[in-house]
Amino acid sequence: MQHYSSSNSIMIKVAGSFRFCQVIAFIFLIAACKTKQSQKAKYSVQNTIDSIKKTSIYRSMPSSNSYLMDQFASQLQANPNQLDAKIYYANQMTFMNYPDQGIQLLDQVINDLKRMNQLNPKLDSVLNRMKAIAAIRLGEKDNCQQYHNAESCLMPFHKDAQHKVKTGSELAIELYTKLLELYPNDHTFIWLLNIAHMTLGTYPEGVPKKFLLPVSKFKNETAFPKFQNISLENQTAINESAGGVCVEDFDNDGYLDIIATGWASKESIQYLHNDHSGKFSPWTEKAGLKGQMGGLHVVQADYNNDGWMDFLVMRGAWLFGQGLPNSLYKNNGDNTFTDVTIESGIFAVHPSQAAVFADFNNDGWLDLVIGNESKPGEDRKIEFYINQKNGKYKNEVLKTGLDFASLIKGICAGDINNDGWMDLYISRLNDYNMLFLNLGNQSDGIPKFEDISLNAGVLKPKESFACWMFDFNNDGWLDIYVNAYNTSLFGYTGEEFALAALNKKFRSEIPGLYINQKNNSFKDIASETDLNTPLFPMGCGFGDLDNDGFEDIYLGTGEPNLESIIPNKMFLNKGGTDLKDISYSGGFAHLQKGHGISFADFDCDGDQDIYAVMGGAYEGDRFPNAFFENPHQNNVFVSVRLKGEQNNRQGIGSRIKLKIKNAKGEEKTFHRQMSHGSSFGSNPYVAHFGFEQGSQLISCEVFWPIKNQWIKYDGLKLNQFYELSESNDVRVIPCQIFSWAKNSGEHSHIH
């Protein structure tokens, strides 16, 4: 007979820590590892990454579960009766996507404790809770992954999404039913019991009435055409962990490609080339990117104004006390990329996932702002790099008024007061957000910024994440959106969703949707829209789903905890005054954790599709990315790229204004700022305008900041793709519509 330590302190430790044990390393990693400036010349970016991977703090990250599992296995080999090590080892098995083995080990622990009369009710419930989430994962592994199809993990569950192998969900139902007998008011258990029944097709009939969540809460009042997930068919189903995405025409052939990243150390940057024949081809290896570590965010920019799009990968997010170097990849113009981080002058070792390119000093070259994650007692300042116009950057943050350190999770740029200078909004986790007004250049050509956050009214949410600027109501003035991401409620996302479904009070903050009042102040209208609900969004993006001229919002939801099984959310912009939830009706309510999101017209049919990076923080919590095809609703469009000459090559920061007359004879004006979109998911540098059928195009104008003037472009027609140059040339982009490959999907390639 095995003899386990029966210390009450160990049992209390295991019982009390379970809700947080999946995220404790994610939140409270504290260590110090400083890289001296003199070391820069000695190391390549890859050598630095390899060195940091060997440190204990890096190996404690959620993405390093194989290392943690080996550590617990070693402890058990030395002491087979170490109770907490055995339990945590079982937990790591679930994190590594071996839930069946985790369940077996937990059963062994439970049975042995029973035989020794050492299983008290509290520990029994903790172990059963661990078994239950392992059972949920088993159901996902045996079905959503083994039999993956377009409907997998989408709410409400279509018959094709319901589980063929029922073992996992049946065990989960059994365990959650047992747990609810002990804790009938635990709304996390209630939420997951309902989800488990949905996977089997036994919701709502099979759910005990007292625990049933209303069917009406999983339907939308607003009808919307359903988007189909075709990632298996068009070869974009990259199967990695949490990460970012940027969409752009990297080879200048007129069609949009994808660069996607995962944050795990063994995951490579992925480059998918749009073959404009219905599929994407993996170009990672030929582009020289194979083996190049990804990160949590990626953003593109032509930093050297050569007409070829480069990109920046952000690394080290959540790696508090330490970090990883970011990488700037130069596009060589021959379908290959070179890491130029060190030679460009931006090499640094900080945890970061927020960056934005913009021409802040109006010299025609893109500058770069990086927001680092600095905890109290650290001094990981913002990096404000001025473009030196020779392939190099210089950090001038000390002269800008941005000389501070904070835990920055989002950063975006835009001209909020229409004075021709790019301003900055900074989203900070566990602190109030900040808005900086660009006052223009000082005598040395470096811009100065003024903090107007308090008077602008854009401080909340206090626990915030990704953000962006866009013209939500099409009045010609940029508005601001910022996610609410409540780390203080990690482990309680299901509970929050259940409370909202039962019309009970929830605790989580809601996002901020700030409408520009045209006087350097904003009004938050989020609570007046369907955003007034628990969301927990990480990645996010915006675009015009229905070609009505108003841009909509998609939120990738979730948190690292494996119990965080909540739907991603889509909100339809209703004329710039309201947002309506269309997550279920439109086919967007994916239960996998959402990260980088991009809106783009990949197939040149005049409407925007969506590419979304799925997968969680843990090494085994991977899931194929989703590609939602727009079903095309017959509205008309105009697609605009810019070609700067005095201004930067893509015209980033320029404003585009289209005036139309609709079928009723009403004149309407629509506005866009040229940007990459969200701070956690990058759209292409394309201004997409959609209009109702019967509309006529009256005029198109572009405001070029350096010229400080509007230029009118004549001869444009609807349903065309244009490049408008600063010298007033108009070029039609040769982008021909094509159809996506279609097949059953079950045997399609997953990268």
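As a basis for the values below, the full set of heavy atoms in this structure was taken, side chains included, without hydrogen atoms, waters or symmetry mates.
Across all non-hydrogen atoms, the minimal contact from Ser352 to Met314 is OG-CE, 3.6 Å. For the residue pair Phe472 and Ile515, the shortest heavy atom distance occurs at CD2-CD1, 3.7 Å. Scanning all heavy atoms of the two residues, the minimum distance from Tyr584 to Lys219 falls at CD1-N, 3.9 Å. When every heavy atom of Asn433 is checked against every heavy atom of Ser464, the shortest pair comes out as OD1-OG, 2.8 Å. Among all heavy-atom pairs drawn from Ser564 and Glu559, the shortest one is OG-N, 3.2 Å. What you find for Gln235 and Leu272 is that their closest heavy atoms are O-CD1, 4.0 Å.
Within the 3.5 Å criterion, the main-chain N or O of Tyr303 finds a donor-acceptor partner in the side chain of Asp310. Side-chain atoms of Ser679 do not come within 3.5 Å of backbone N or O of Ala466 as any donor-acceptor pair. Looking at Asn635, its side chain does come within 3.5 Å of a backbone N or O of Asn547 through a donor-acceptor pair. Under the 3.5 Å distance criterion, the side-chain polar atoms of Ser682 are matched with a main-chain donor or acceptor of Val298. The closest donor-acceptor contact from the side chain of Arg641 to the backbone of Tyr685 lies under 3.5 Å. Formation of a donor-acceptor pair under 3.5 Å by the Asp530 side chain with backbone atoms of Phe571 is not found in this model. Within the 3.5 Å criterion, the main-chain N or O of Met309 finds a donor-acceptor partner in the side chain of Asn331. With hydrogens and angles ignored, the 3.5 Å screen pairs no side-chain donor or acceptor of Asp257 with any backbone N or O of Val247. The backbone N or O of Gly549 sits less than 3.5 Å from a side-chain atom of Asn474, completing a donor-acceptor pair. In terms of modelled atom types and a separation under 3.5 Å, the side chain of Gln300 and the main chain of Asn683 share a donor-acceptor contact.
The local environment of NZ in Lys657 is crowded, with over 12 non-hydrogen atoms from other residues, nucleotides or ligands closer than 6.0 Å. Around CD of Glu666, the count of heavy atoms belonging to other residues, nucleotides or ligands within 6.0 Å exceeds 12.
Side-chain rings of His148 and Phe623 approach one another, their centers coming within less than 6.0 Å. For Phe357 and His676, the gap between ring centers reaches or exceeds 6.0 Å. Ring pair Trp283/Phe250: centre-to-centre distance not below 6.0 Å.
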Q. Where do Arg655 and Asp415 land on the side-chain contact (heavy atoms from CB on, under 4.5 Å) test, with the steps shown first?
A. CA-CA 9 Å; Arg655 305 202 304 276; Asp415 182 3; 3.6 Å; yes
Q: Begin from the C-alpha positions of His671 and Asp475 and carry the test side-chain hydrogen bond (donor to acceptor under 3.5 Å, both in side chains) through to its verdict.
A: CA-CA 7 Å; His671 303 266; Asp475 67 351; over 6 Å; no
**Q.** ring pair (Phe, Tyr, Trp, His ring centres under 6.0 Å) assessment of Phe337 paired with Tyr329
**A.** CA-CA 6 Å; Phe337 294 84; Tyr329 290 94; 7.3 Å; no
Q) Leu642 and Trp704: side-chain contact (heavy atoms from CB on, under 4.5 Å), yes or no, with the steps? A) CA-CA 10 Å; Leu642 298 179; Trp704 296 92; 3.8 Å; yes
Q: For the pair Asn662 and Lys668, evaluate side-chain contact (heavy atoms from CB on, under 4.5 Å) and give the outcome as yes or no after the intermediate values.
A: CA-CA 8 Å; Asn662 65 19; Lys668 295 188 175 182; 3.7 Å; yes
Q.
side-chain hydrogen bond (donor to acceptor under 3.5 Å, both in side chains) for Asn229 and Ser231? Distances and angles first, verdict last.
A. CA-CA 6 Å; Asn229 179 9; Ser231 64; 3.3 Å; yes
Q) So Thr222 and Ser585, side-chain contact (heavy atoms from CB on, under 4.5 Å) or not? Walk me through it. A) CA-CA 7 Å; Thr222 303; Ser585 57; 5.6 Å; no
(Q) Pair Asn728, Tyr713 - check side-chain hydrogen bond (donor to acceptor under 3.5 Å, both in side chains), show working. (A) CA-CA 7 Å; Asn728 203 228; Tyr713 295 83; 4.6 Å; no
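Contact annotation: the side chain of Gln720 never approaches that of Val638 to less than 4.5 Å [non-hydrogen atoms, C-beta and beyond]. In this structure, the side chains of Asp253 and His276 come closer than 4.5 Å at one or more pairs of heavy atoms. Looking at Ser427 and Ile408, their side chains never come closer than 4.5 Å, going by heavy atoms from C-beta outward. Looking at Ile597 and Val613, their side chains never come closer than 4.5 Å, going by heavy atoms from C-beta outward. Tyr514 has its side chain out of reach of Lys523: every pair of non-hydrogen atoms, C-beta onward, lies at least 4.5 Å apart. Contact check for Phe157 versus Met155: side-chain heavy atoms found under the 4.5 Å cut-off. Using a 4.5 Å heavy-atom cutoff, the side chains of Val313 and Ile269 are in contact. Contact annotation: the side chain of Trp740 never approaches that of Gln228 to less than 4.5 Å [non-hydrogen atoms, C-beta and beyond].
The disulfide bond (SG atoms under 2.5 Å apart) search around Cys604 returns Cys735, not counting sequence neighbours. Here Asn234 pairs with Thr236 under the side-chain hydrogen bond (donor to acceptor under 3.5 Å, both in side chains) rule; sequence neighbours left out. Taking Tyr271 as the reference, nothing meets the side-chain hydrogen bond (donor to acceptor under 3.5 Å, both in side chains) condition, with sequence neighbours excluded.
Screening Phe602, Phe588, Phe227 for a ring pair (Phe, Tyr, Trp, His ring centres under 6.0 Å) with Phe628, the sole residue that qualifies is Phe588. Results of the side-chain contact (heavy atoms from CB on, under 4.5 Å) test with Phe689 over Ile656, Leu697, Ile660 single out Ile656 as the only residue that passes. Among Asp524, Thr529, Asn532, the one residue that satisfies the side-chain contact (heavy atoms from CB on, under 4.5 Å) test with Ile510 is Asn532. Of the candidates Phe542, Trp468, Phe470, Trp468 is the only one forming a ring pair (Phe, Tyr, Trp, His ring centres under 6.0 Å) with Tyr481. With Arg622 as the fixed residue, the side-chain hydrogen bond (donor to acceptor under 3.5 Å, both in side chains) test singles out one of Glu267, Glu240, Gln592: Glu267.
Checked by atom type, the side-chain pair Asp302/Trp308 shows no donor-acceptor distance below 3.5 Å. Checked by atom type, the side-chain pair His688/Asp601 shows no donor-acceptor distance below 3.5 Å. At a cut-off of 3.5 Å, with distance as the only test, no side-chain donor of Asp249 or Tyr255 sits close to an acceptor on the other residue. Side-chain polar atoms of Ser583 and Asp581 form a donor-acceptor pair below 3.5 angstrom. There is no side-chain donor-acceptor pair under 3.5 Å between Asp275 and Ser277. For the residue pair His632 and Asp607, a side-chain donor N or O sits within less than 3.5 Å of a side-chain acceptor on the partner.
Expressed to the nearest 0.5 Å, how far NZ of Lys569 lies from CG of Leu579 amounts to 12.5 Å.
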